[in-house]
Amino acid sequence: GAVVSQHPSWVICKSGTSVKIECRSLDFQATTMFWYRQFPKQSLMLMATSNEGSKATYEQGVEKDKFLINHASLTLSTLTVTSAHPEDSSFYICSASQDSAEAFFGQGTRLTVV
Amino acid sequence: LAKTTQPISMDSYEGQEVNITCSHNNIATNDYITWYQQFPSQGPRFIIQGYKTKVTNEVASLFIPADRKSSTLSLPRVSLSDTAVYYCLVGDGDTGRRALTFGSGTRLQVQP
């Protein structure tokens with residue numbers, strides 16, 4: 001199957017700093033990528049839909065100014081958590097599709113804000 | 001989107017067959033049933049998808065009764081490495097077309 005890679009796999013940052021997470025489709029082009037967040041022992045919750053060359057669409061309750069999404073190319077979408085706080089500590093997962101038939105997920109990024 | 005209900009957790013032993021049932025009473029005519037597996041600190045992985053009757057692949061089987069209001073994921077002869085959370089999703093068969101709505105999932109613990 002197609003490969004979606006996230007970087008970094010884990011990151012620890014200080015409260016108030018910003019962190020960028022990359023999501024790459026390694027062997028296919030993805031017009032749309034999705035960003036999810038997962039807290040411990042909970043399910044995945046959609047944060048936003050990232051469209052190449054246009055603004056992301058955010059789910060209700062997700063602050064677009066805090067979670068900046070950039071989808072500058074067909075193989076790369078980035079999620080920047082700005083002014084991170086401990087409550088932003090979570091597991092962030094992206095998914096992408098080549099031809100809409102099947103979604104492939106990245107391995108996730110564990111963010112810990114101290 | 002049709003709501004799904006699964007058991008929160010299940011326990012099994014190595015070598016046993018595990019059946020996880022998902023209820024989706026409000027499934028729409030065009031909806032497919034898709035199951036994902038998620039290991040700790042990893043993204044979900046596609047297991048199997050079906051519309052009706054039975055689907056089998058190298059990993060699992062999916063049984064769907066005629067009324068399609070439920071489905072059962074069957075894992076034959078589980079091993080310790082099958083310990084994971086299993087999610088049942090209902091919706092467009094082309095899972096890459098849309099954002100996916102994950103329910104609470106079923107946490108399967110396989111004991112030696």
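Throughout, a chain's letter reflects where its sequence line sits, starting with A, and its residues are numbered from 1. FYI, side chains are in, hydrogens and waters are out, and symmetry mates aren't considered; it's all heavy atoms of this structure.
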For residues 38-69 of chain A, give me every residue with a non-hydrogen atom less than 4.5 Å from any non-hydrogen atom of chain B. A:Gln38, A:Lys41, A:Gln42, A:Ser43, A:Leu44, A:Leu46

In one Ile/Leu/Val/Met/Phe/Trp/Tyr side-chain cluster, 4.5 Å: [X], [Y]:
{"X": "A:Val113", "Y": "A:Ile93", "answer": "no"}
{"X": "B:Leu108", "Y": "B:Phe46", "answer": "no"}
{"X": "B:Tyr36", "Y": "B:Leu75", "answer": "no"}
{"X": "A:Trp35", "Y": "A:Val11", "answer": "yes"}
{"X": "A:Phe28", "Y": "A:Met33", "answer": "no"}

Could you grab the distance from atom CZ of A:Phe104 to atom CZ of B:Arg45, nearest 0.5 Å is fine? 12.0 Å

Here the gap from A:Phe105 atom CZ to B:Gln38 atom CD, rounded to the nearest 0.5 Å, amounts to 8.5 Å

A:Tyr36 versus B:Leu100: any side-chain heavy-atom pair under 4.5 Å? yes

Tell me, for B:Phe39 versus chain A, whether the close heavy atoms (under 4.5 Å) come from the side chain, the backbone, both or neither. neither

Determine whether more than 12 heavy atoms belonging to other residues, nucleotides or ligands lie under 6.0 Å from atom OH of B:Tyr51. yes

